[in-house]
Each structure stands twice: as C-alpha cells, then as structure tokens.
Number of protein chains: 2
Amino acid sequence: MELRHIRYFLALAETLNFTVAAKRLNMSQPPLSQQIADLERELSVRLFDRHSRSVALTAAGQVFRRHAEAMLAQAQQAADEVKAIDRGTTGILNVAATSSVLFSGLSTAIAAFKAENQNVEVIIHELSPKEQIERLELHRVDACFLRFAPEEKNFLVTRAWREKVGLIVPPGHRLASRKSVRIASLRDEDFVFYRLPDSAFATHLQSLCVQEGFAPRIIQQVVESFSVVSLVSAGLGIGFVPETVGRNSAAKVKYLDIIGSSPTADVHSLMRNDATALARRFVAFTTH
Amino acid sequence: MELRHIRYFLALAETLNFTVAAKRLNMSQPPLSQQIADLERELSVRLFDRHSRSVALTAAGQVFRRHAEAMLAQAQQAADEVKAIDRGTTGILNVAATSSVLFSGLSTAIAAFKAENQNVEVIIHELSPKEQIERLELHRVDACFLRFAPEEKNFLVTRAWREKVGLIVPPGHRLASRKSVRIASLRDEDFVFYRLPDSAFATHLQSLCVQEGFAPRIIQQVVESFSVVSLVSAGLGIGFVPETVGRNSAAKVKYLDIIGSSPTADVHSLMRNDATALARRFVAFTTH
DNA sequence: TAGTTCCATATGTAAAACCTATAGATCAAG
DNA sequence: CTTGATCTATAGGTTTTACATATGGAACTA
C-alpha cells in the first residue's frame, strides 16, 4: 500500500465516479481503475460497489475512508511540522545558564523569545559552567550561557552581550563611600572569589590583580555571583561581581566601578556545531 | 511522499546505518540512499546527519519519526479493520423487527450473537413491517425481521424460523375451556385483526377463513400482536396470534391450537442484495 | 434501436525504482 | 604515514510499474 493508493481512493470516495476522480487527479481513467483494483486486491476486500451506472462505498470502504483521511492528514502534518522545526519556529529548546546570567537579562530574553515564538518551549537548566559544557556535549542542552567560554572545544561561541565587572564591599567598609576604585588599591583586602581553577572568570580576575602587582588574598571560594554578594554582605570580605548583580542585589552591599584596567564579565553563548535552527535563532536573538 | 519513503525512513532511523537498513529492507544500499535523499528533498529538510562514520537523526528527523510510526500504524490498522469488516466479525448492524418478533426469540438471538461477536454492535429498530421495508431500501437498516415478507421486491428473503399461529380468547369465552379449535367453527365470532391491507399476515389469515367458508367479522384492526392480546384480554373479541405471543403473554387470555388448516406466522429475514458480510452472518445465525 | 455514459481491459510508452560497480571519505591498525 | 576496512554517494544500465491511448461491454436514455 502506498499513499498514492490512499489519494486515489479518497478522490474516488468523494466523487463516486472514476472518470471525474481521474480528471481531478490529473490522470486518465484506466490507471485509476487499475490502482483502485490493486488496492482492493492487496487488502483482499472490495472497497467500492460498481454497479451499472453508480459507484458506492462498501461498508469496508466507509471504514477505510476514515483511516485514509487520517493518514493523509498525518502526512501533511508531518511535513508541516518538520519544516517548522527546520526553520526553528517550533520545538523544544534546552537552555543552560548560571543563575547570575539569568539575572543579568537572560530571563527576560527568554520571555521575549517565547512571546515571539508561541510554538517554542524553552526549558531552562540552571547549571554551573562546567556542567553546562558537559551537558552540551551530551546533547542534553542546546545552548549554554556563561561569562567565560572555553576556547579549545569545537563549539560555536558567540559573545551575547557585554557586561562590566565591579567591586562590592560591605556597608561600613573603608571604601563604602567611594564611587569607583582602582584594582591596585585593593592589595591588602580579603577577597571572596570564584572557585579556582574551575572558573575561567576567576582565573581572569586573578591575573588582573597580578598585573597590578599583587596576588589577591582569597579567604573563600564560591561558584555563584550571588554567593559572593551573600558573603560580602555578611562582612567576610570584598568581591568582584558583574555590574547587574552588584547594582541590583537585594542584599546590603556597596557597588563600585573599577577604573583603569576594567575587567569584563561578558556573557557568551555556546552551541554545538550541529546546532538546530531553533538554537541558532535563539542565540541570534540574545546577541546584541 | 509515499509510504515506501516512510518504511525506508523508519528502517534507517532504527538502524542508523544505510547498509544495515537496506539489508533489512531486502534491497541494496544505493537505492535506499536515493529514496531518503528524495524524501529529504521533497520536505526540503535534512532528516539525517551523515557524518564521517555515523548517521544520526536531526531534530526534524526525530519529530518526523513519531509521525512516520503513526502513519504506518494507521495503515496497518486500516488493513486489519477493513478485513474484519469484510469478514463480518466487526461493525455496526442495524436490525429492524416488530416487537412480537423480538419477543418470539429475536431478542435472545441478538444477545447470543453479540456474545459471540464482541466487536459487533447491534442497533435494534422496532418498526412496523411497512417502515422496515422502507428503511431497508434507504440503507437505514441492514436486516429486517417480520412474519410475512413481500415477494415482489428485489431482496434476499430467508425463512428464519417456523412459528405456528393459534387463537386467543378472553377468559369466560365459550371456547375458553377448549385446547384446540377448527377455523370453521369461528364463523360467528368477533375478531381483533391485523390491519388490512398493510399486513400480509392479515391477508393470509383472512383468506384462510374464506377458504373455510366465511368472512371474519372484524371489529378492530391493530398493528401489533401484543395489541391483539390486549384487546382480546379486555373482551372485545378473539384473535389470531403467533404461538409464543399467545402462550407467554402476561395478560389473561386463553390460547388454543388450530387444527385442520393450521396457519403459520413464520419469521422471515430480509436483506438487500448488497448486504454486508455482517448482515449475512447475522441472518445465517438467526436461521434455523 | 441508436446514442451516450461509464467502467474494465489490452497494449504500448515513459518514468522511476532498483541493481552492480565504483568513487570518495573516514577511521583503525600496522 | 600508509594500508585496509567500512560506509555513503554517484554513475550507468536494467527491470518494474505507473500511466496514456484505444477499445470493448454493460446499462441507461431518447
């Protein structure tokens, strides 16, 4: 049985006239008779009663008609849906990000993307950078968003958006009244830092300090920017955080711009080379 | 798109190897590559990623797979169901009958048939003989059951089962103590009769009386045997009824066998010439 | 009875599905 | 780095089959 038989069957079931059905199918009548006969022979069931001057569906034919319509509809839907997937206008998108990146604008970007793409479902995976990369390789997620991307891997890396890094200090700290600060002046401070060597961001910040002539005294290592805020707020030390996190945090900390060599915490997106059109569209959407 | 493409696609989706899939499909590898490529070209979507040494479904391919499986399942189910319909082991059967025929055994026959054919649904239409014939012609019912069948029509007529006709009289009637009676002795009685000339049964009974030398004095005409019982029970007259009706009625009447020329009320089934296998099976089932 | 309509059959043609052979590409092993 | 093995794509020829034209046969109509 082929879909051709189904199409022919339905045309005949609707017209109940071989000649008319053949015309509608842009073919001549004999091959239509042939193909219908072939279909009936394969099923070993008569689908049409051919009488003197009338063609009618048998009981079996009536039942077959319902199935035939369903099959053609399914084929049509399959083609439509597959094309939508290919265009990236429908489907499920697994996005991995750290909580601070979600906070820095990714959440709102996701909301906006979903609003523009009603047929897209976005699943957010809040993961550490290391886990993000692992799951990207395993096809568990389609796109990752993190501050510093590893360069060795065979991924598509894009800088999604720029973001400055600033300093946060607890209330009452000697720098709390300042608006900005140079890194060189932080030589004697206690630092809440990102975990070394996991975090490329941490390595970046550390090397910046070294360029300014000192090794930061790290009294605590954490994974998330929000944890830096928490510990700084509690008075354990000072720390570097992305600007959006430092300025908009609910916790009581003072945010200072860094002047001179200003570090960045630009957000980067990662995709596999075989990324779907949906993933590519989303990454393009978030890039500005 | 043809079902062939679907079958090939699924074989490849399962094996992820052109060579192996082709072997499973009993064909060589090149035409399989061709057909998959044709399918992809028609959809204008890549369904498989062919890499160095691996074949994998794309996101679109994964979605297409679900549709493909549904289509093949639908085709299989269509074939199975159509064959079942053709065998008459499944489907909907519309049966028309008079209430007295239902009472005379058709009800229990329907119950038994349904028990043996779990996939058959039987819809009972309780109709007068005249309406039965009309609906049979209109394809509204598939089989009719009545006592006397018209012979002119181009229907398949079968005698389903035999049934004698007897006489019922009210309690206290002069014949109430008799076990049997001759028609000739009913010359001076008042009769509750079936409607003339609608009922072939009525015509038959009337002519029997005439053969015995008198025209029955008809004081009331009704349609149903049960109505004859009701009126006779009320003392309006005597009447002929099928044996099962006369003997098993809840109303208070006396049933007498008829000796000499004994009339019959044999139940006949009617089908159209284009009757379905299900209708034929049911009629065969009820014939004994 | 003649004409018309409509489906089935017969026969030839064109399309396309398939096969064999082979090229091209990649990976594993020597 | 080279050789062999493995796997898919392409090329060219063959077979199958879907299709078209022509025609036969049955039934309804005028």
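A note on names: the letters A, B, ... follow the listed sequences, proteins ahead of strands, and every chain is numbered from 1.
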Nearest to the side chain of [X] - [options]?
X       : options                : result
A:Ser28 : C:dC18, D:dA20, D:dT10 : D:dA20
B:Pro30 : C:dC7, C:dA8, C:dA21   : C:dA21
A:Met27 : D:dA20, D:dA9, C:dC19  : D:dA20
A:Gln29 : D:dC19, C:dC7, D:dA9   : C:dC7

Between A:Thr264 and A:Arg147, a side-chain donor and acceptor under 3.5 Å: no
Polar side chain donor-acceptor pair, A:Ser128 to A:Glu131, under 3.5 angstrom: yes
Under 4.0 angstrom, heavy atoms only, what part of the nucleic acid is A:Phe48 near: base, sugar-phosphate, or nothing? nothing
To the nearest Å, how far apart are [X] [atom1] and [N] [atom2]?
X       : N      : atom1 : atom2 : result
A:Leu32 : C:dA8  : CG    : P     : 9 Å
B:Leu16 : D:dT8  : CG    : P     : 10 Å
B:Asn26 : C:dA17 : CG    : P     : 18 Å
A:Arg41 : C:dA8  : CZ    : P     : 13 Å
A:Gln34 : D:dT23 : CD    : C1'   : 15 Å
A:Glu2  : D:dT16 : CD    : P     : 17 Å
A:Phe18 : D:dA26 : CZ    : P     : 17 Å
B:Lys23 : D:dT6  : NZ    : P     : 11 Å

When you check the phosphate oxygens OP1 and OP2 of [N], does a side-chain N or O of [X] lie under 4.0 Å from one of them?
X       : N      : answer
A:Asn17 : C:dT5  : no
B:Arg4  : C:dA17 : yes
A:Thr19 : C:dC7  : yes
A:Arg50 : C:dA8  : yes
A:Gln35 : D:dA18 : yes

Lys/Arg-Asp/Glu bridge criterion (N-O < 4.0 Å) met for A:Arg272, A:Glu137: no
Hey, is A:Arg135 close enough to A:Glu126 for a salt bridge, meaning N to O under 4.0 Å? no
May I ask you to test the B:Leu146-B:Val267 pair for a side-chain heavy-atom distance under 4.5 Å? no
